[in-house]
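Down below is the structure, laid out as structure tokens.
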Amino acid sequence: MLERTLVTIAETETIEEAFRRLNANMLGILFAQDASGRIVGAVTDGDIRRRMLTGTTIQDRVASCINRNFVWARTGGPREQILKLLDQRVHVVPILDGEGRLVDVFSRELFNLSEESEVFARARSPVRISFSGGGTDLTHYFVANDGGAVINATIKMYAHATLRRRSDPSIRIYSHDFRRTVEADNLAELGTDGDLALIKSVVRLIKPTYGFELEVSADFPVGSGLGGSAVVSSAIIGCFNEFRGDQWDRHEIAEMAFQAERLMLNIPGGWQDQYATVFGGFNHMEFFSDQNTIVPLRLDPNIIAELEESLVLCYTGSGRDSGAIHRDQKAQHETSDAVAAAAKQKEVTRHIRRHLLRGQLLECGRLIDEAWHAKRKLSSKISSDAIDAIYDFAKQHGAVGGKLLGAGGGGYFMFFVRPFERYQLIAALEQQGHRCSRIMFEENGLRTWKSRFPARLA
């Protein structure tokens, strides 16, 4: 902004002083102030000269020349309003606060840009449900058995992350779900274990060269069977990616999430969770020793809508250790039952893909039932008497088929049900104390963006 004394003048000042300031500011206009400093009007070179033609002298007061019906804009108003005023009516627009005092002056050549706002990176990554093939995405399986295959889809349930860069090297991480805060003076002092080990692992992999504040939250409980660890990792990686000039692509983000959890923390598990949350939508995935192939399934919107009406998500309320289950699967993967069960999983996956694409959803429900019975044979830890009882109860009350999501052992069941039997099933499960909810599919995977906020108020 120009120096305030060059664009304002007290209405009690002389016209001679007005000429001096007009010559100095080169705008051809002044804004007159009353005794309390409020702007009461505008004075232009033309206004003064017209008054002087009627006998006014340069020693008279500016008040005699003021145009009190002048154009102005309120501070905080939309930029486009000011531009429109400049475009059609005036050459200079004063910006006044709520008490009428001058805050700024905009002209066709002078338009002050807003102060740079603080920038946050945000990310939102969806969880997935798996229809078939779980267990065949484990490295030890698909390397020894000519590949693995799964079908999954992301749903509208997310992990959320917010990242703010700091001007110093200190680090603050907060998890809303665990109600835990981790702080360190720099990356070297962050450590590798203890609270929030997964988040620390992701940060150590990324190796940011700046300090930061990171907050993470999730819409789902820990141990849900929805691929939550991969979802949280991907959201964090996505936030850091927003501050990179050379951004990682989706394959790289999925592989980084896998590395942070499976290799750096040595938590056993498959590959599908990381790719599902990053890519989003319905996908048929194949895993081989030399490559992973992610093929989106282009389902008709009506098929997706009908599938949403045919599925029920049921929370068993029990937690589970997916790592222990995967370790047991690895120990048993060469037994005849496990080999046959995994082969059956891959066969069912191919059939479900075909029926999904054709909208033959009842057949999909029956195949999901087959997939669940096959999966139970991969490890004795996948199911239990209590889980089997829930499944049998659901079948007795309308479920065509279903499966426990994730590694097994607890978390969420997904049930397929015929029209007109959905609410009968939900009512029966809820009477047993199980929480049920709809499934809404999410076509997008990991989403990241930057958000601007003004500096904090004093």
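Positions are given from 1 along the sequence. Nothing here was measured: the structure is a model prediction, and the numbers come from that model.
- Under a 3.5 Å cut-off, the side chain of D47 and the backbone N or O of T44 do form a donor-acceptor pair.
- The structure places CD of E261 at 11.0 Å from CG of N266, a figure rounded to the nearest 0.5 Å.
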Step by step, work out the salt bridge (charged side-chain N to carboxylate O under 4.0 Å, His left out) result for E11 and R68.
CA-CA 11 Å; E11 58 181 341; R68 299 182 186 271; 3.2 Å; yes
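- In summary, E16 and R20 do not engage in a salt bridge, as defined by a charged side-chain N under 4.0 Å from a carboxylate O.
- Counting heavy-atom neighbours within 6.0 Å of R244 CZ, excluding the residue itself, gives a total above 12.
- Residues forming a salt bridge (Lys or Arg N to Asp or Glu O under 4.0 Å) with D168 (at least two apart in sequence, or on another chain): R166.
- For Q431, the side chain to side chain donor-acceptor pair (under 3.5 Å) criterion is met by no residue, not counting sequence neighbours.
- The shortest heavy-atom contact between A42 and I29 is CB-CD1, 3.9 Å.
- Using modelled atom types, one finds no donor on one side chain facing an acceptor on the other under 3.5 Å when comparing E286 with T293.
- P208 is listed as a side-chain neighbour of L187, based on a closest heavy-atom distance under 4.5 Å.
- When every heavy atom of T448 is checked against every heavy atom of C239, the shortest pair comes out as CG2-N, 4.4 Å.
- Using a distance-only test at 3.5 Å, with no hydrogens or angles considered, a donor-acceptor pair links the side chain of N241 to the main chain of W248.
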Give the C-alpha distance, both sets of side-chain angles, the deciding distance and a yes or no for side chain to side chain contact (heavy atoms under 4.5 Å, CB included) between E308 and R438.
CA-CA 7 Å; E308 288 177 337; R438 287 181 173 273; over 6 Å; no
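- Side-chain atoms of L205 and M256, non-hydrogen and from C-beta on, do get closer than 4.5 Å to each other.
- A donor-acceptor pair is defined here as one N or O able to donate and one able to accept, closer than 3.5 Å; such a pair exists between the side chain of N25 and the backbone of L6.
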Given ring-ring contact (aromatic ring centres under 6.0 Å, His included), test F240 with F212 step by step and report yes or no.
CA-CA 10 Å; F240 281 100; F212 60 88; 5.1 Å; yes
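- N292 and Y275 form a side-chain donor-acceptor contact under 3.5 Å, judged by distance and modelled atom types alone.
- With no hydrogens or angles considered, no side-chain donor-acceptor pair links T12 and R61 at under 3.5 Å.
- Both the sub-6.0 Å distance and the 45° axial angle are satisfied by K450 relative to the ring of F243.
- The residues E213 and R172 are annotated as not salt-bridged, no charged nitrogen and carboxylate oxygen being separated by less than 4.0 angstrom.
- Under the 3.5 Å distance criterion, the side-chain polar atoms of R422 are left unmatched by any main-chain donor or acceptor of V417.
- T154 contributes a side-chain N or O that, together with a main-chain N or O of G281, makes up a donor-acceptor pair within less than 3.5 Å.
- Taking a 6.0 Å sphere around CZ of R447, one finds it holds 12 or fewer heavy atoms contributed by other residues, nucleotides or ligands.
- Between the side chain of Y391 and the main chain of G402, a donor-acceptor pair closer than 3.5 Å is present.
- Ion pair R101/D97 not flagged as a salt bridge, since none of the NZ, NE, NH1 or NH2 atoms sits closer than 4.0 Å to an Asp/Glu carboxylate oxygen.
- Atoms CG and CD1, from L311 and I368 in turn, are 6.5 Å apart once rounded to the nearest 0.5 Å.
- Between F282 and F441, the two ring planes are tilted [angle within 30° to 60°].
- Side-chain contact check for F131 versus L307: some heavy-atom pair is nearer than 4.5 Å.
- Using a 4.5 Å cut-off on side-chain heavy atoms (C-beta onward), L163 and E242 make no contact.
- Proximity of a side-chain donor or acceptor of S233 to a complementary backbone N or O of S229 within less than 3.5 Å is detected.
- Residue F413 is tested with W372, F393, Y315 for a ring-ring contact (aromatic ring centres under 6.0 Å, His included); the sole match is W372.
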Assess whether side chain to side chain contact (heavy atoms under 4.5 Å, CB included) is satisfied between I129 and N152, documenting all intermediate values.
CA-CA 6 Å; I129 59 173; N152 54 42; over 6 Å; no
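- Using modelled atom types, one side-chain atom of D137 and one backbone atom of W271 make a donor-acceptor pair closer than 3.5 Å.
- Annotation: H91, atom NE2; neighbour count of heavy atoms from other residues, nucleotides and ligands within 6.0 Å does not exceed 12.
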